[in-house]
Amino acid sequence: MKYKVILSVKLTAIFTLLIFVSVLVFSILVLNFTQRLLEKQQTEELLYFLGIVEDGYRKDVQKEMSFPSHSIPYYILYRISNEDGTLIRTNDAFVPVLPDTEGGKSSTEFREDFFIDGDLNLRYVAKTVAASNGKGYRVQVAVDLRQDNVHLILKGLPRMVLLFSIPLLLVSSIVAFLVSKRILHPLRKIILQAQEITSEKLDSRLDESGAKDELQELAATFNQLFGRLQEDFERQRRFTADAAHELKTPLAVISGHVDLLCRWGKDNPQVLEESLQMLQKESRSMASLIESLLQLTRAENNDGSAYPKEEIQLFDFLQEVLADFTLIYPDGEFHLNCPKGSSVFCNQEALKQILRIFVKNSLTYSDKPTYVEIGWNQETSRLWVKDRGWGIEEKHLSRIFHRFYRVDEARNRNNGGTGLGLPIARALTEKLGLDLEVQSLVGHGTTMILNFPH
């Protein structure tokens with residue numbers, strides 16, 4: 001439970017941090033946008049009153065009308081002066097002469113401790129106007145930011161945002177913690193169920209009910225994993241039991257003959273000869289079984305890179321495979337049905353081992369005279385080994401590739417087989433990327449087919 005609480009806290013911290021950063025960035029953007037918008041509005045207002053002051057003064061000088069002081073609000077500070085700074089007209093004598101601003105823009109002027117009661121902080125626009133008599137004058141209008149409500153509100157916005165952010169972060173943290181615990185509840189359920197599954201209880205499965213989300217997909221994935229583990233454990237148990245059973249018989253035979261020799265075989269030449277022959281036979285049988293187990297293990301554990309592929313000239317290659325059996329089975333009928341010039345891209349040694357297993361089975365489980373045909377079809381990319389042997393019933397076809405599996409008691413170890421040939425062939429075909437197909441009819445024979453990729 002400790003790790004689950006920590007995960008909830010981590011998710012809460014991450015969510016709270018994201019909320020904090022989002023609020024911070026959003027607040028900065030809003031404050032910046034608001035400040036720029038208000039500054040623009042203030043600039044437009046100052047430019048408007050600058051025009052009123054400039055036009056009013058010009059008409060006052062020309063005796064067209066008196067200066068329109070009543071048209072200027074109290075919070076607008078204006079000053080008209082000569083080019084040398086001599087004051088002509090103002091509504092606040094403390095406002096200093098300010099430098100000209102660029103057209104359409106405002107500027108700020110800040111001077112610390114300018115007044116007795118505080119600093120000078122103005123936003124203003126100013127310009128020099130050329131008069132018709134050749135004597136120019138300067139006009140400026142300003143807003144005292146110390147008394148401007150908009151500026152004061154803008155200045156207090158960061159504190160307001162901070163004030164509202166604290167409860168927002170607190171509420172979001174609580175909500176994030178509750179939501180994370182709610183979301184992680186199915187995960188905690190999966191963990192508890194998975195902890196109960198052991199090698200003795202691999203048939204148990206995780207609950208996949210609930211929302212169709214990633215957690216359900218995770219449970220389904222674990223169930224598939226447990227299913228594969230269960231199959232592997234069952235296969236291992238069967239393999240161990242079958243291997244023990246296969247080794248039990250030759251060991252029992254060897255033990256029996258050793259006891260026989262110890263009792264009276266040493267003094268009986270006939271018993272001695274029979275026992276030695278049987279011991280030799282069973283020793284070879286055990287050696288063959290162990291070698292087959294090693295071959296199967298290597299075939300299953302090696303990846304595809306352990307079997308590098310090359311171009312194989314099939315006609316000569318298949319002739320060589322059949323030639324090996326012709327010497328051992330001189331009374332067999334071996335036929336090669338392969339066009340000359342045919343070739344295939346495969347690992348030569350692995351393919352030869354597969355074909356030898358097929359041919360050996362055909363010879364073992366056929367009545368004499370035996371018939372074996374190896375053929376190749378270039379158009380379909382199919383390589384087959386065909387016999388006219390005993391055949392296999394359909395109910396057994398799906399199991400003949402299981403380790404130590406035999407169709408019936410007639411096909412037992414007396415025929416020289418270990419029950420591992422076809423499992424080795426299946427493992428090799430999978431590593432070579434080939435598709436293995438079996439066609440069989442009882443009393444008519446069996447055809448083992450290798451389908452190569454086109």
Side-chain angles (χ1 to χ4, degrees), residues 24-62 64-164:
L24 179 63
V25 172
F26 180 75
S27 301
I28 293 174
L29 292 176
V30 169
L31 290 173
N32 186 267
F33 175 77
T34 304
Q35 183 177 3
R36 289 179 179 275
L37 180 63
L38 294 177
E39 287 178 358
K40 181 180 179 182
Q41 292 178 347
Q42 280 185 336
T43 300
E44 292 176 352
E45 184 180 28
L46 290 172
L47 289 172
Y48 171 76
F49 286 110
L50 179 68
I52 292 178
V53 171
E54 178 187 352
D55 186 62
Y57 177 71
R58 179 177 53 80
K59 290 182 178 181
D60 185 29
V61 172
Q62 296 175 356
E64 296 180 10
M65 60 175 288
S66 60
F67 186 79
S69 300
H70 61 280
S71 299
I72 302 174
Y74 71 93
Y75 58 88
I76 296 294
L77 309 176
Y78 68 89
R79 179 186 177 94
I80 306 173
S81 60
N82 294 323
E83 288 184 319
D84 59 1
T86 304
L87 179 64
I88 298 177
R89 183 184 292 274
T90 185
N91 63 350
D92 190 336
F94 292 100
V95 176
V97 178
L98 302 172
D100 289 354
T101 57
E102 299 180 8
K105 295 183 179 180
S106 63
S107 185
T108 57
E109 182 74 11
F110 179 83
R111 301 181 189 180
E112 190 174 359
D113 298 329
F114 183 81
F115 300 115
I116 297 176
D117 59 346
D119 304 325
L120 173 70
N121 191 8
L122 302 176
R123 178 171 297 281
Y124 72 95
V125 291
K127 63 183 294 189
T128 299
V129 180
S132 57
N133 58 6
K135 293 182 179 181
Y137 58 93
R138 301 186 72 259
V139 181
Q140 64 184 45
V141 293
V143 175
D144 188 355
L145 296 179
R146 297 180 306 159
Q147 306 298 328
D148 183 59
N149 292 332
V150 173
H151 179 74
L152 294 176
I153 293 175
L154 200 63
K155 188 176 180 180
L157 273 179
R159 297 193 192 93
M160 191 181 304
V161 170
L162 180 61
L163 185 63
F164 282 102

>> By the ring pair (Phe, Tyr, Trp, His ring centres under 6.0 Å) test, which pairs, at least two apart or in different chains, include something from residues 71-110?
In response: Phe67-Tyr78
> So, do Arg79 and Val53 sit near enough that their side-chain heavy atoms are less than 4.5 Å apart?
Replying inline: no
> With sequence neighbours excluded, what pairs up with Glu102 under the salt bridge (Lys or Arg N to Asp or Glu O under 4.0 Å) test?
Replying inline: Lys105
>> Which heavy atom of Pro68 sits nearest to which heavy atom of Gly56, and what is that distance?
In response: CD-CA, 3.6 Å
>> Does anything in residues 24-56 form a ring pair (Phe, Tyr, Trp, His ring centres under 6.0 Å)? List the pairs, not counting sequence neighbours.
In response: none
>> Suppose we screen for salt bridge (Lys or Arg N to Asp or Glu O under 4.0 Å). Which residues come up paired with Glu109, at least two apart in sequence or across chains?
In response: Arg111
>> Using the side chain to side chain donor-acceptor pair (under 3.5 Å) criterion, which residues pair with Lys127? Sequence neighbours excluded.
In response: Glu54
>> Keeping Asp84 on the side-chain end and Thr86 on the backbone end, is there a donor-acceptor pair under 3.5 Å?
In response: yes
> Checking side chain to side chain contact (heavy atoms under 4.5 Å, CB included) for the pair Leu122/Val143: CA distance, chi angles, key distance, verdict?
Replying inline: CA-CA 6 Å; Leu122 302 176; Val143 175; over 6 Å; no
> Below 4.5 Å, heavy atoms only, C-beta onward: do Tyr57 and Ile88 meet side chain to side chain?
Replying inline: yes
> Is there a side-chain contact between Leu77 and Thr90, using heavy atoms and a 4.5 Å cut-off?
Replying inline: no
> What residues, two or more places apart in sequence or in another chain, satisfy side chain to side chain donor-acceptor pair (under 3.5 Å) together with Thr43?
Replying inline: Ser106
> About how many Å separate CD1 of Ile80 and CZ of Arg138, when rounded to the nearest 0.5 Å?
Replying inline: 12.0 Å
> How many angstroms lie between CG in Leu24 and CG in Leu29, if you round to the nearest 0.5 Å?
Replying inline: 9.5 Å
>> According to salt bridge (Lys or Arg N to Asp or Glu O under 4.0 Å), who are the partners of Asp119, at least two apart in sequence or on a separate chain?
In response: none
>> Please give me the minimum heavy-atom distance between Asp144 and Asn121, naming the atom from each residue.
In response: OD1-O, 3.3 Å
> Side chains of Gln35 and Glu39: do they bring a donor and an acceptor to under 3.5 Å?
Replying inline: yes
>> Show every salt bridge (charged side-chain N to carboxylate O under 4.0 Å, His left out) that has at least one partner inside residues 65-77, sequence neighbours left out.
In response: none
>> Could you work out, with side chain to side chain donor-acceptor pair (under 3.5 Å) as the rule, every residue matching Arg58, not counting sequence neighbours?
In response: Asp55
>> Tell me the closest heavy-atom pair linking Tyr124 and Ala142, and the distance in Å.
In response: CB-CB, 3.5 Å
>> Would you compute the distance between atom OG of Ser107 and atom CG of Asp100 and round it to the nearest 0.5 angstrom?
In response: 11.0 Å
> Of all heavy-atom pairs between Ala126 and Gln140, which one has the smallest distance, and what is that distance?
Replying inline: CB-CB, 3.6 Å
>> Tell me every residue that passes side chain to side chain contact (heavy atoms under 4.5 Å, CB included) with Thr108, counting only those two or more places apart in sequence or in another chain.
In response: Arg123
> With Asp60, which residues qualify under salt bridge (Lys or Arg N to Asp or Glu O under 4.0 Å), at least two apart?
Replying inline: Arg89
>> Using every non-hydrogen atom in the two residues, find where Val129 and Val139 come nearest and quote the distance to one decimal.
In response: CG2-CG2, 4.2 Å
> Quick one: side chain to side chain contact (heavy atoms under 4.5 Å, CB included) partners of Glu44, sequence neighbours excluded?
Replying inline: Lys40
> Got a second to check how far Ser71's OG is from Ile76's CD1, nearest 0.5 Å?
Replying inline: 12.5 Å
> With side chains defined as the heavy atoms from C-beta onward, is the minimum distance between Pro96 and Leu120 less than 4.5 Å?
Replying inline: yes
